[in-house]
Amino acid sequence: MRERELPKSYEPKGVEEKWYSHWLEKGYFHANENDDSKPTYSIVIPPPNITGSLHMGHALNCTLQDILCRWKRMEGYNVLWMPGTDHAGIATQNVVEKELAREGLTRHDLGRDEFLKRVWAWKDKFGNYIIEQLKRLGASCDWERTRFTMDEGFSQAVREVFVRLYEEGLIYRGDYMVNWCPRCRTALSDLEVEYEDEEGGLWYIAYPLEEGTGEVVVATTRPETLLGDTAVAVNPKDPRYRGIVGKRVILPVVERPIPIISDAYVDMEFGTGALKITPAHDPNDFEIGKAHGLEAVNVMNPDGSMNERAGKYAGMDRFECRKAIVKALEEKGLLRKFEPYVHSVGHCYRCHTAIEPYISTQWFVRARPLAEQAIKAVEEGKTRIIPENWTKVYYEWMYNIRDWCISRQIWWGHQIPAWHCKTCGEISVSREEITRCLHCGSGDIERDPDVLDTWFSSALWPFGTMGWPEMTKTLERFYPTSCLVTGFDILFFWVARMMMMGLKFMGDVPFQHVYIHALIRDEEGQKMSKTKGNVIDPLRMMERYGTDAFRFTLAAFAAQGRDIRMSEKRIEGYRHFVNKIWNASRFVLMNLDGYTPGELDLEALTPVHRWILSRLTHAVAQANKALKAYEFDRYAGVIYQFTWHEFCDWYVEFSKESLYRGTTEERLGAQRVLVTCLDTILRLAHPVMPFVTEEIWQHLPVSGDSIVVAPFPKPEEAWTDQALEEEFALVMDVITAVRNIKAEAGLPLTKRIKALAKASGNPLAVLVREAPRIKALAFLEEFKVNEDLQRPLHSALAIVKGIEVYVPLSGLVDIGKEVARLEKELAKVTRELERVERKLANESFLKKAPAHVVEKEKRIHQEIVKKREKINSSLEMFHGLM
RNA sequence: AGGCGGAUAGCUCAGUGGGAGAGCACCGGCCUUACAAGCCGGGGGUCGCAGGUUCGAGUCCUGUUCCGCCUACCA
């Protein structure tokens, strides 16, 4: 027997801990790869960085996944939600290096092996922090399977992929211009560069002609790179420079002659139409330099300082050097002009240092062949992106994909499984550690010191976590995954690459659906960031308002295609909703004396109870539909609307008649319907509010071990009763009308007065039948309904659905108030009438609009005309009295 | 430069060619045997602007303004 009493108020803290550990104990979140009896549903978590702590983005992302997983689990699926964390190469290395810096050390002081030990130690200590926070959020992951992108099995997958891509020629190594972060001292992929407009300058520098007296003026935003100039280029069509192509200019400061070349790339409109060419420090110049066979003079060190090729500027920081060069040019009288200039500057996405285009030897993935499959898979519908408009963004990027620089000059990560032979100079790539060159057998080999881009391993996440390269039971059962839930900010970084790798190595897409959710912003629509100080800490929100209220808020605002503006006030608002459910449950539980469980007998139930069941099944249908369509906001909205404004506001109040004044049979019927509704609401809401629903559900007289594994509600077609819903719409309108009259007349709602209604036909029968409830909810001492009632003198009038409701007010209120109320009503009705009459006067409308629309307008017209007549005559009556 | 969103009540946002909605905020009333974290009632709108299609447009089309984001090698 379950406890029937709930405490006065809901205390989330203890309840959440209690049930979460209970669920873990019962193993509800564990997916069984050997279970053939159920359909499968799988999701891999976007692995959070081990350096991270739970922020709003994680909270939203995981709440949505948890909703899906809990929903599917309740629907009887074998659900795998694969959890884990990402080693986050640069980010983690940065964190540990900072820690070292506090001890006055650099990673080079420790050496590679010692440093890596430090990182692992750090990971063991802090790396699981975020996992614990996800548990706090209620995430129903299969924690027994928790993976890490650097664990042994995963490393094996990474090596396997690298070797196979290398063998197929899809990975190559070479000297190219890459994005270089001088602070992290590593190459970055194109995606890892964030461009921002910065106020810089455009310096116009004169390059004197070697022969004669002329000069060529070039414009540049980066004067310091002049040290590495190896040409000046002009457009071949530019008449201004036609005569001097092929001649040479003297590179200022360096005092070295460099050629004037012509290249169609040069924009005649920009600056002076002459462009300095620095092949080692600009991607375009690099290309032009290659085309013209120019030398690339690298004047910088990997840390962004100037190197020995910069002559007397050697050792100077690049930005210091810029100033120094400008000063030198001024002194030499070669600076022709300066103008402020806003241009886009790339920054490292990890440390925000301005990146440097830099030539170095790097490893690349040839992306195009992989992208072709990834495009095809989406075109063929094997993977569906939701909302659909992201599909176009995905295609756009895939069509224009460029090779992917995957080597990083850091230590924390998957070291590239390639060895350089000092004897024959060849590269050996191998799945296993090797000690001899695979080409010449020499033992004088050295492993490539670089590690792989973190995203290279993340790309393998959907199958790497399931045991690949072994073809495990888990893979067979759960790959491809059902859905990936993620933010659009990593669509290219991660989703696109998982698509490519999944198709390449599993021969199938990694996920059937990709649901792209919004970004969370602050109240003003600003991106949340620590530097702006506008972050809302999810843990504090859960602490303060309870996890369920927090999760419900996230879901309620997760409308597709729009960012979420989050504020604490909203979370507080939804805590009220949690409280509402709690109190409604208390009401139900404290009215279960004499309750016995049993099937609902529709025939035996009085109309009001069948009415709420009809509404309930409608809500259930809508919630199911919303979840299927990933409309989390609607799903939450349906629960909110039905629970609060239909179940609590109306049905609970109606049910009191049956509970307090009904027959034993009626009372039991009401109890069963109350329990059914509440049980259904709880099961419907469980995916989004797991804790409070479990806590209440465990008090309900229903069978089952846990709401986690209780069936998700399905619409009961037999409960739908459209006619009954219309009848109660009328009943509620009548009640509202009486309440309105009272309120506008300045009477307290609870003031017991009389009311009359003039109706006929079915409405008459309905109002007679429902009179007890109308009396209760409108606080009437008497409610008289009849076909031909005499309207009492001094009575207020309301017309609902053609039915006249009279509320005698003599002696209760001054007539002026009622007149004012009626005049307001008249104005409204008149406005409406004008609209309808305009429409019905339009012949084209009558001719061309569908018949049912015309019929409807005519019906409305009749109704309004009648209503207006009544109001008018009522007003006349009152005016006569005044 | 190209692409994608958004613009509807004071705020945040739904809205499916056919009586403009919700939540919060606001105003007024109320301890009503679940809930004052509540209940009841109410006021609030040129649906960014201009055209067009249509019997009918918040909704579809074209243009336009503002805001946000993404992609891109403009020195």
Side-chain angles (χ1 to χ4, degrees), chain A residues 6 8-10 190 195 202 218-222 225 233 265-267 269-278 282-287 341 343-344 357 387 389-390 392-393 396-397 400 488-489 491-492 519 521 523 525-527 545 556-557 559 561-567 569-570 572-591 633-634 637 640-641 645 648-649 652-653 656 660 735-736 739-744 746-751 776-779 824 832 835-836 838-839 842-850 852-854 856-857 860 864:
Chain A
L6 283 177
K8 265 253 189 281
S9 67
Y10 175 58
D190 295 333
Y195 288 90
L202 201 53
V218 300
T220 181
T221 54
R222 303 198 56 195
T225 61
Y265 168 79
V266 180
D267 180 359
E269 308 292 313
F270 192 92
T272 60
L275 173 64
K276 67 194 258 326
I277 303 296
T278 323
D282 182 278
N284 298 311
D285 294 6
F286 179 74
E287 293 303 323
Y341 185 67
H343 62 136
S344 176
N389 48 315
W390 290 106
K392 208 175 158 187
V393 179
E396 203 54 38
W397 190 73
N400 299 304
F488 60 79
D489 48 333
L491 181 61
F492 307 141
L519 230 58
R521 298 170 181 281
E523 263 175 298
Q526 301 283 310
K527 219 164 159 172
Y545 304 105
F557 285 103
R562 197 188 262 267
D563 285 346
I564 300 175
R565 295 194 186 196
M566 184 51 64
S567 81
K569 257 170 56 189
R570 291 164 182 225
E572 192 183 346
Y574 283 110
R575 181 180 56 168
H576 298 174
F577 178 54
V578 174
N579 191 249
K580 189 73 182 177
I581 295 181
W582 184 260
N583 279 301
S585 306
R586 288 184 61 221
F587 169 80
V588 173
L589 290 165
M590 66 179 58
N591 282 292
D633 57 325
R634 275 170 194 270
Y640 186 96
Q641 165 65 26
H645 297 305
C648 291
D649 286 354
V652 163
E653 297 305 324
K656 288 175 182 174
Y660 301 153
I735 292 166
T736 301
R739 285 169 173 175
N740 172 254
I741 288 168
K742 280 190 182 179
E744 303 255 341
L747 294 172
L749 174 68
T750 46
K751 172 81 180 168
L777 269 67
F779 294 87
K824 202 166 73 182
E832 245 177 302
R835 186 196 65 80
V836 180
R838 239 192 342 266
K839 221 162 185 181
N842 185 341
E843 268 183 50
S844 310
F845 172 75
L846 299 174
K847 225 161 42 195
K848 295 188 181 171
H852 73 273
V853 174
V854 177
K856 194 176 162 196
E857 293 293 340
I860 293 166
I864 297 173

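Heavy atoms only: backbone and side chains are in, while hydrogens, waters and symmetry mates are out. A quick note: this is a predicted structure, and the numbers were derived from the prediction, not measured. Chain A is the first sequence line, chain B the second, and so forth, proteins listed ahead of strands; every chain is numbered from 1.
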Among [options], the nucleotide that comes nearest once only the side chain of [X] is considered:
{"X": "A:D267", "options": "B:C74, B:G19, B:C55", "result": "B:C74"}
{"X": "A:S844", "options": "B:G42, B:U12, B:C55", "result": "B:C55"}
{"X": "A:K839", "options": "B:A37, B:A75, B:G19", "result": "B:G19"}
{"X": "A:R570", "options": "B:C69, B:A34, B:U12", "result": "B:U12"}
{"X": "A:K392", "options": "B:C4, B:A34, B:A75", "result": "B:C4"}
{"X": "A:R634", "options": "B:A34, B:U16, B:G18", "result": "B:U16"}
{"X": "A:N389", "options": "B:C13, B:G5, B:G19", "result": "B:G5"}
{"X": "A:V652", "options": "B:C40, B:A34, B:C30", "result": "B:A34"}
{"X": "A:Y640", "options": "B:U32, B:G23, B:C35", "result": "B:G23"}

Taking Watson-Crick and G-U wobble contacts under 3.5 angstrom, with | marking pairs to another strand and [ ] crossing pairs, the secondary structure of RNA chain B is written (((((((..((((....[..)))).(((((.......))))).....(((((..]....))))))))))))....

Under 4.0 Å, counting only non-hydrogen atoms across every strand here, what does [X] touch: a base, just sugar-phosphate, or nothing?
{"X": "A:F577", "result": "nothing"}
{"X": "A:N284", "result": "base"}
{"X": "A:V218", "result": "nothing"}
{"X": "A:N579", "result": "base"}
{"X": "A:V393", "result": "nothing"}
{"X": "A:F492", "result": "sugar-phosphate"}
{"X": "A:S567", "result": "nothing"}
{"X": "A:V836", "result": "nothing"}
{"X": "A:Y574", "result": "nothing"}
{"X": "A:E572", "result": "nothing"}
{"X": "A:D649", "result": "sugar-phosphate"}
{"X": "A:E843", "result": "nothing"}
{"X": "A:H852", "result": "nothing"}
{"X": "A:K656", "result": "base"}

Would you mind reporting whether A:K856 and A:V854 have side-chain heavy atoms less than 4.5 Å apart?
no

Between A:I735 and A:E832, just flag the one whose closest nucleotide in RNA chain B comes earlier from the 5' side.
A:E832

Enclosure of A:E572 CD (heavy-atom neighbours >12, cutoff 6.0 Å):
yes

Please say whether the positively charged group of A:R570, taken as NZ for Lys or CZ for Arg, lies over the ring of A:F557, i.e. under 6.0 angstrom from the six-membered ring centre and within 45 degrees of the axis.
yes

Spell out, as yes or no, whether a donor-acceptor pair under 3.5 Å connects the side chain of [X] to the backbone of [Y].
{"X": "A:N400", "Y": "A:E396", "answer": "yes"}
{"X": "A:K742", "Y": "A:A778", "answer": "yes"}
{"X": "A:D282", "Y": "A:T278", "answer": "no"}

Between B:G6 and B:G15 - P atom distance, rounded Å:
10 Å

Salt-bridge criterion met for A:R739 and A:E744 (N-O under 4.0 Å):
no

What about A:K847, does its side chain sit under 3.5 Å from the base of B:C55 through a donor-acceptor pair?
no

Testing the basics here: between A:D649 and A:H645, what is the closest heavy-atom pair and its distance to 0.1 Å?
OD2-ND1, 2.9 Å

